[in-house]
Protein chains: 2
Amino acid sequence: MIPAEVLYTLLVQPLTVEAFAPYGDVIAARGEASTINQGMGGRCSDLARVDVSAEGGRAAISVIRCVPESLPIHLRLMERHPLGSQAFVPLNGQRYVVVVAPAGAPPAREDLRAFLCRGDQGVNYHRGTWHHPMLALDRDCDFAEFHRAGPGVNCDETPLPCAVVVNL
Amino acid sequence: MIPAEVLYTLLVQPLTVEAFAPYGDVIAARGEASTINQGMGGRCSDLARVDVSAEGGRAAISVIRCVPESLPIHLRLMERHPLGSQAFVPLNGQRYVVVVAPAGAPPAREDLRAFLCRGDQGVNYHRGTWHHPMLALDRDCDFAEFHRAGPGVNCDETPLPCAVVVNL
């Protein structure tokens, strides 16, 4: 049991395009939509910076299932994908949490940010952005994952700089 | 007003991997998931055939919003993308309908199939699959779209072979 006083607590902020911009993109309708589908719909084009071609990579679609975390969430490690972007779109309309830090050197605790994401928002991590594995909150949460597949080592992990918990 | 007797009625079937295989892929957890995220999740890898590189294409992420249709749904046209696959994942957990026909010559009415998709299922149309624009049912439905962007003409449209309605 780690004494509470040595834990660094990270509070979540709402996921917005602006706040998340240093780390990646928010996948949700925004701005002016162009009319499509014979007037029965609108389209917000090219909302995310997809980057999957490095070293012979290709775009792929997978699904991940995340078991819900208990609050406060004790973070485990941070990871990054040096060869591609990685996007997640929730499949169950469930809210979830992402924890990120800027690309570059392994993050100091002051670099960490936690975002509470609505169930109708996806996220796209830019290539190299440090991030915690996805954090489901209330029940099992499936995500469609749009990512790079291909040769090369595309996952670096780093320990956290100290014990960190996330709370709502 | 078209007399009811000249309408061809298409009934929906549930979206399953097997039934949809001639047209594309279902994006939903299935089969054995490999353990990820320090035991807090599983991964079903590479569920969809992503095909976006033709003629200098790249992968892109957009969002579309669909206005709900009234039942029975009067179909408007079919379209296909000759240069790439196109995937949709619902962002609101809403059910929806897709109408498809095999790649190749413009579809006869017997070629058409309608699928009722749950809100936790996405679809990936293979390159060239004929499909109706997405059909929301109960309320506005946003979809994350994972598609090809790039040079070239990537949308062909064809009229329906007769008046067609879809009913549940």
Side-chain angles (χ1 to χ4, degrees), chain A residues 25 27-30 33-34 36-53 58-69 76-77 79 85 87-94 118-122 124 132-136 140-149, chain B residues 25 27-30 33-34 36-53 58-69 76-77 79 85 87-94 118-122 124 132-136 140-149:
Chain A
D25 311 292
I27 301 169
R30 66 169 182 268
S34 55
I36 58 167
N37 294 358
Q38 302 78 50
M40 294 298 283
R43 190 154 191 274
C44 306
S45 292
D46 239 346
L47 298 180
R49 196 204 307 168
V50 180
D51 176 2
V52 294
S53 302
R58 62 179 173 85
I61 298 177
S62 300
V63 170
I64 68 165
R65 169 161 294 174
C66 297
V67 176
E69 309 281 341
R76 301 184 289 270
L77 52 75
E79 61 180 51
S85 58
F88 292 99
V89 174
L91 276 164
N92 315 95
Q94 291 291 300
R118 300 192 314 259
D120 62 355
Q121 293 176 314
N124 180 54
H132 194 275
M134 299 295 280
L135 296 165
D140 283 355
C141 187
D142 290 359
F143 295 89
E145 180 192 3
F146 304 131
H147 62 103
R148 177 192 179 275
Chain B
D25 311 291
I27 301 169
R30 69 169 181 268
S34 56
I36 58 167
N37 293 0
Q38 303 78 51
M40 294 297 284
R43 189 153 192 272
C44 306
S45 291
D46 238 347
L47 297 180
R49 197 202 309 165
V50 180
D51 177 2
V52 294
S53 302
R58 63 178 173 86
I61 297 176
S62 299
V63 170
I64 69 164
R65 169 161 296 175
C66 297
V67 176
E69 309 281 341
R76 302 184 288 270
L77 52 74
E79 62 180 51
S85 58
F88 292 99
V89 174
L91 276 164
N92 315 96
Q94 291 292 301
R118 299 194 315 261
D120 61 356
Q121 293 175 312
N124 180 55
H132 193 274
M134 298 297 279
L135 296 166
D140 283 357
C141 187
D142 291 359
F143 295 90
E145 180 193 3
F146 191 58
H147 62 103
R148 177 193 181 275

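This structure is a prediction, so every number in the text was calculated from the model and none was measured. Throughout, protein chains are lettered first and strands after them, A, B, ... in sequence-line order, and every chain is numbered starting at 1.
- The side-chain contact (heavy atoms from CB on, under 4.5 Å) test applied to A/Ala149 returns A/Arg58, A/Ala60, not counting sequence neighbours.
- Using a 4.5 Å heavy-atom cutoff, the side chains of A/Pro133 and B/Gln38 are in contact.
- Only the side chain of A/Arg76 comes within less than 4.5 Å of a heavy atom of chain B; its backbone N, CA, C and O stay farther away.
- Side-chain atoms of A/Ile61 and B/Asp46, non-hydrogen and from C-beta on, never get closer than 4.5 Å to each other.
- When each of B/Gly93, B/Ala144, B/Ala29 is checked for heavy-atom pairs under 4.5 Å with chain A, B/Ala29 comes out on top.
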The test is side-chain contact (heavy atoms from CB on, under 4.5 Å); show your working for B/Val89 and A/Phe146 and say whether it passes.
CA-CA 11 Å; B/Val89 174; A/Phe146 304 131; 4.0 Å; yes
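- The candidate from B/Ser34, B/Gly119, B/Ala59, B/Pro68 with the greatest count of non-hydrogen atom pairs under 4.5 Å with chain A is B/Ala59.
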Step by step, work out the side-chain contact (heavy atoms from CB on, under 4.5 Å) result for A/Val63 and B/Ile27.
CA-CA 7 Å; A/Val63 170; B/Ile27 301 169; 3.8 Å; yes
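- Neither the backbone nor the side chain of A/Leu135 comes within contact range of chain B, judged by heavy atoms closer than 4.5 Å.
- Without hydrogens or angle criteria, B/Ser45 side chain to A/Ser62 main chain gives no donor-acceptor distance under 3.5 Å.
- For A/Asn92, the side-chain contact (heavy atoms from CB on, under 4.5 Å) partners at least two apart in sequence or on another chain are A/Gln94, A/Arg139, A/Cys141, A/Asp142, B/Asp120.
- B/Arg43 is listed as a side-chain neighbour of A/Glu145, based on a closest heavy-atom distance under 4.5 Å.
- In terms of non-hydrogen atom pairs under 4.5 Å with chain A, the most contact-rich of B/Cys66, B/Cys44, B/Gly41 is B/Cys44.
- Taking B/Glu79, B/Glu69, B/Met134 one by one and counting their heavy-atom pairs under 4.5 Å with chain A, the maximum is reached by B/Glu69.
- Contacts between A/Ile36 and chain B at a heavy-atom distance below 4.5 Å involve the side chain alone, from C-beta outward.
- With a 4.5 angstrom heavy-atom cutoff, A/Ala136 does not touch chain B via any of its atoms.
- When heavy atoms are compared at a cutoff of 4.5 Å, A/Ala33 does not approach chain B at all.
- Chain B forms the most heavy-atom pairs under 4.5 Å with one residue out of A/Leu47, A/Asp25, A/Val52, A/Asn124, and that residue is A/Leu47.
- Taking A/Ile64, A/Asp140, A/Leu77, A/Asp51 one by one and counting their heavy-atom pairs under 4.5 Å with chain B, the maximum is reached by A/Ile64.
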